[in-house]
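Below is one structure, written out as structure tokens, with a few remarks after it.
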There are 2 protein chains.
Amino acid sequence: MTETTGEGTGAGTGTCAGPPQGDRRPDGADRYTISEVAALTGLSAHTLRWYERIGLMPHIDRSHTGQRRYSNRDLDWLALVGKLRLTGMPVADMVRYAEMVREGDHTYADRFDLLKATREDVVARIAELQGTLAVLDRKISFYADAGRALASERSR
Amino acid sequence: MTETTGEGTGAGTGTCAGPPQGDRRPDGADRYTISEVAALTGLSAHTLRWYERIGLMPHIDRSHTGQRRYSNRDLDWLALVGKLRLTGMPVADMVRYAEMVREGDHTYADRFDLLKATREDVVARIAELQGTLAVLDRKISFYADAGRALASERSR
DNA sequence: TGCTTGCCTGGAGTGCACTTCAGGGATCTA
DNA sequence: TAGATCCCTGAAGTGCACTCCAGGCAAGCA
């Protein structure tokens, strides 16, 4: 197997990006227009074209009139990109990853490193956020108490 | 008590922002220069001035020559701002919060709401990140396996 | 045949959070 | 007295990730 996008090109695989996207067409009939993909992914058509221009997408098929026709495989890739974007990975890094995918199997180790580093970033970010939660909760309970005190004062 | 910054103006309180900052001066002698505050908070002097200009800081004391002199209270406020920034709260919202603090006790309910909404955002973001962790881990283990396979192939 | 809809392109514009620049004052050390 | 260091201000610039615009082609249909 040559890992390219996520997990083959089959039917929906459970771990999906933002909007629900169970309405895929069977392989062979999978030629989505840009606006269909926009609806499916929550990205704008502009953004989809822009992703392509900066090298974040593989070459997208075209209709005989030059319009883009996305495949299920492209959708898988976009789902992965969506996940990476959620991690806060800069677009430039995603482009590097896409380049490595295009370059073939010999970039496996580099891809591994990139993902590993991203994973560590995510873990650190989660810890950071949990730290902020603690602060927020302290202040929230302060205001909740203060609110109750004011209320009972008004009712006196 | 009138909640303004974090938790009074006493010595370090445990929950600190980014860089460690236990080296506070006692109240009364707490007149830090901008570069001291920059070192303490990890923000640049430029950013500190900018925060002030956009209304994110209370009025900062000045020396007789017009230079800023920050107090422990200001440091507390900056620690809170740092936490809110970590949540991803837009600066404009932090400014709104700062305005509410300036306006006094009658904004308690609004401040409560703002912090509550922020809390929900943070919880959602953590869940999102945990979702990305799952995807990353699947791909990382794919590449780990593939790496092992390639290694054993090379050693044959 | 004209009209609408959907798509195409390159390039300019946007919003955010800073960051840098240009020009100048006050204090300290030799 | 000179030079270094630290600070001041307003305004312009930067980098990122889109987002919008102008101008135009192709297909469907009344």
Side-chain angles (χ1 to χ4, degrees), chain A residues 17-19 31-57 59-71 74 77-78 80-98 118 121 125 128 132, chain B residues 17-19 31-57 59-71 74 77-78 80-98 118 121 125 128 132:
Chain A
R31 296 175 59 76
Y32 307 89
T33 66
I34 198 166
S35 58
E36 285 168 339
V37 176
L40 248 30
T41 59
L43 297 166
S44 74
H46 298 296
T47 301
L48 287 167
R49 291 193 202 100
W50 180 67
Y51 276 4
E52 196 177 331
R53 207 158 56 210
I54 64 176
L56 186 50
M57 296 295 296
H59 273 125
I60 301 296
D61 226 36
R62 298 293 178 122
S63 72
H64 70 106
T65 55
Q67 302 194 349
R68 290 171 182 77
R69 291 293 178 262
Y70 292 81
S71 68
D74 297 327
W77 174 252
L78 281 170
L80 174 63
V81 165
K83 285 291 184 188
L84 293 180
R85 203 176 37 137
L86 284 180
T87 67
M89 182 187 279
V91 167
D93 287 4
M94 292 196 275
V95 170
R96 266 202 329 120
Y97 184 79
T118 303
D121 289 352
R125 183 90 184 94
E128 229 173 45
T132 69
Chain B
R31 294 175 60 75
Y32 307 91
T33 65
I34 197 167
S35 59
E36 285 168 338
V37 176
L40 248 29
T41 60
L43 297 165
S44 74
H46 299 296
T47 301
L48 288 167
R49 292 192 202 101
W50 179 66
Y51 276 4
E52 196 177 331
R53 206 161 55 213
I54 64 176
L56 187 49
M57 295 295 295
H59 273 126
I60 301 297
D61 225 36
R62 298 293 177 121
S63 73
H64 70 105
T65 55
Q67 300 194 350
R68 290 171 181 78
R69 291 293 178 261
Y70 293 79
S71 68
D74 297 328
W77 174 253
L78 281 169
L80 174 63
V81 165
K83 284 293 183 186
L84 292 180
R85 203 176 38 135
L86 284 180
T87 68
M89 183 188 278
V91 168
D93 287 6
M94 293 194 273
V95 171
R96 264 199 334 117
Y97 184 78
T118 303
D121 288 352
R125 183 90 184 94
E128 229 174 46
T132 70

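Naming: A, B, ... by sequence-line order, numbering from 1 per chain.
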>> Can you pull out every salt bridge (Lys or Arg N to Asp or Glu O under 4.0 Å) where at least one residue sits in residues 88-97 of chain A? Sequence neighbours excluded, please.
In response: none
>> I need a per-nucleotide contact map over nucleotides 8-22 of chain C, read 5' to 3'. Cutoff is protein heavy atoms under 4.0 Å; write B for the base, S for backbone only, - otherwise.
In response: SBB------SBSB--
>> For A/E52, is there an ion pair with A/R49 - N to carboxylate O distance below 4.0 angstrom?
In response: no
>> Suppose we screen for salt bridge (charged side-chain N to carboxylate O under 4.0 Å, His left out). Which residues come up paired with A/R69, at least two apart in sequence or across chains?
In response: none
> Do side-chain atoms of A/T41 reach the backbone of A/V37 as a donor and acceptor pair under 3.5 angstrom?
Replying inline: yes
>> Side-chain N or O of B/S35 versus OP1/OP2 of D/dC7: is the shortest distance under 4.0 Å?
In response: yes
> Between A/R31 (CZ) and C/dG6 (C1'), how many Å, whole number?
Replying inline: 16 Å
> Is the backbone N or O of A/T118 less than 3.5 Å from a side-chain atom of A/D121, with the two atoms forming a donor-acceptor pair by type?
Replying inline: no
